[in-house]
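What you are looking at is a predicted structure, and each value in this text was computed from that prediction instead of being measured. Each ligand, and each atom within it, is numbered from 1 in the order the structure gives.
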Amino acid sequence: MSEDKPVLDYSVYLVTGRELLPTGKTYLESLEESLIGGVTLVQVREKQVDTGEFIRIAQATKEVCRRHQVPVLINDRIDVALAIGADGVHIGQSDMPVSIARKLLPPNAIIGMTCNTSEHVQQAIKDGVDYIGLGPVWPTTTKKDAQGAVGVRGIGAMLEILETVPEGRGIRAVSIGGIKSTNALHCLHGSVSPSGRILDGLAVVSDIVASNDPRAAANRIASVVQAFKTNPITTFSYAPSAYQPASIKHAVGELLSVVRQHSPLIHQITNNVVTTQSANATIALGASPIMATAPEEMADLSAAAGALLVNFGTIQNLDGMLSAGRNYNLRRKPVVFDPVGVGATAFRKSSAAALLDAWQATVIKGNAGELAALANWAEVEAKGVDSVGKGFADPAGFVRHLAKKQRAIAVLTGKDDYISDGDRVVRLSNGHPLLGEITGSGCMVGTAVATFCAAASIAAMNSRAPDAPEDAQIARGDMFTAAVGGVLAITIASELAAAKSDIVRGSGTFLPALIDELGALTPEKIVIHAKVEVM
Ligand code: 3NM
């Protein structure tokens, strides 16, 4: 790269789209307002005008952008870029080859390229581009011939290539396609690559251009990107570095006290086998359940509730699940995902994929079979699995891998339970065989995890200074400890219930005793009984 190449700020990358302007707003007005709002880079994209008109628009764009010291790139047309002295070009996969563009343009020109696949990224690295535009993240109607959406994890996989190929490190990356201020944080957070590479910015057309208030629209995205880039959550190591069993047990006890004190509303979209007992478990823990499924009520409920559980044991309303998670993400409230039986049918698998692309899960909880199906057996086998259904040769390594990949806390339930934030792993070994003899004990773990997550969120909000800067956590609070707490609550209560030999004579009498013990659980009992090992 040439020495005097300008250093661009890709944070809020506006791609123009005059056809989307609202009535009454001129192109240059909208552009200027968006620059005031925080756009840091502009690409002039014109697909339907003659050369003379393109040059006129590009020149006018450049003049406005210069006033705000914002660089201008031209989509596709090297000749137009040269004609107006633009800062560079953005070229698509079917446009002029980079090597030719490089020869035609001045040495300090910026060249960016659209990449939809890993192969495109590898080629772009070979071509020596300055930045890549990765997408589409989500379906978009703005680009008529857009490729299939790759999702946030697809963006992360492409970002990882920049990290693993040495020449890729200096290349900047933005994502594009369906990005709005409402999903911007999910896009940034969910696309962090396994080795921690983050996006340099977000490229947006309609969310800014089609707005009646482009200044506010740009500003909303700018503040999300700014908060994320200032303090990117590349792992989930929220917990203090001295994370020892004693401090974990104590912190879980404190969260139980928060549940009892605040009685948060726990919104559960769950299966119709366990609805009643999950609701009763929620009440016993000291919280309030609401079991609502209709998409129309998700916005209101996300304002009122402390956490969301999505358990898809019986998928009746996928739209409700999609809408619910998006709303809770928007409010930065925890979303617990329990992909019950996800490996059983193709519909469950595709639904899980759709949900995990539509919103960011805070915690993903499942047994060995479920989490293996979610992670793809191929990957699991590569990580070492004993045999299908039995468990993992390296459960700690597996949960760490899954947490990293899904950018969530991963909870693997079984005889021992493993919980990871993608960095550290905790093994819990409480529980009783009777849990395996009643239906829905795993679902109750999901309920309890959601309840503790709501408490962690309340604790974080209560300790937050009123003037604290925006942070980049998709759900605020120590969700790792919350996940540990939810598992411990059910497993410790199961031991205490089973020990009541005068009352409990089998699975039928065990369930009510379990609910009783959840109600009688105290921070002290957690500290006494919890079997916690930091791995
Ligand atoms: N390129 P909006 S998607 C210009 O995937 C463009 O390469 C894409 O528009 C790609 O922000 C796209 O309105 C349009 O969804 C993005």
Side-chain angles (χ1 to χ4, degrees), residues 10-22 25 27 30-31 34 37-49 54 57-58 61 72-77 80 88-96 98 111-121 123-124 129 131-159 171-188 191 199-214 217-218 220-222 224-225 326 357-358:
Y10 292 89
S11 299
V12 188
Y13 182 171
L14 174 73
V15 179
T16 64
R18 286 186 306 128
E19 62 289 353
L20 298 175
L21 286 165
K25 185 80 79 195
Y27 168 67
S30 169
L31 174 68
S34 70
V39 164
T40 59
L41 178 60
V42 172
Q43 177 195 135
V44 188
R45 184 169 180 269
E46 291 288 340
K47 292 294 182 192
Q48 277 158 10
V49 293
F54 198 159
I57 295 164
T61 305
V72 176
L73 309 178
I74 303 297
N75 179 275
D76 181 10
R77 295 283 300 268
V80 175
V89 293
H90 179 90
I91 45 193
Q93 284 295 324
S94 54
D95 297 335
M96 182 185 285
V98 175
I111 298 184
M113 175 145 233
T114 298
C115 295
N116 316 110
T117 65
S118 300
E119 291 70 34
H120 291 165
V121 178
Q123 187 58 46
V129 301
Y131 81 90
I132 50 179
L134 304 170
V137 190
W138 291 292
T140 175
T141 52
T142 304
K143 184 177 180 175
K144 300 294 170 246
D145 58 347
Q147 303 291 308
V150 299
V152 287
R153 248 61 69 176
I155 301 290
M158 289 194 272
L159 276 178
I171 297 177
R172 303 294 102 209
V174 297
S175 62
I176 188 163
I179 298 171
K180 307 184 181 320
S181 61
T182 49
N183 59 23
L185 184 56
H186 177 208
C187 185
L188 292 165
S191 64
L199 284 168
D200 295 284
L202 301 177
V204 173
V205 186
S206 56
D207 196 47
I208 294 176
V209 177
S211 170
N212 280 310
D213 189 350
R220 282 193 291 269
I221 294 180
V224 172
V225 177
R326 287 197 188 102
D357 252 338

### Check: Val129 and Ile171 side chains under 4.5 Å, non-hydrogen atoms
yes
### Task
Using modelled atom types only, decide if a donor and an acceptor are shared between the side chain of Trp138 and the backbone of Asp357 within a distance under 3.5 Å.
yes
#### Entry: Residues lining ligand 1 [heavy-atom distance under 4.0 Å, listed by chain and residue number]
Arg45, Thr114, Gly135, Pro136, Thr140, Thr142, Lys143, Ile176, Gly177, Gly178, Val204, Val205, Ser206
### Query
Tyr13 vs Tyr131 aromatic rings, parallel, tilted or perpendicular, using cut-offs 30° and 60°?
perpendicular
### Query
Would you say the side-chain atoms of Thr16 pair up with the backbone N or O of Arg45, donor to acceptor, closer than 3.5 Å?
yes
## Note on the structure
The reported gap from CG in Leu21 to OG in Ser206 (rounded to nearest 0.5 angstrom) is 12.0 Å
### Query
Once you round to the nearest 0.5 Å, how far does CG of Asp200 lie from CG of Leu41?
11.5 Å
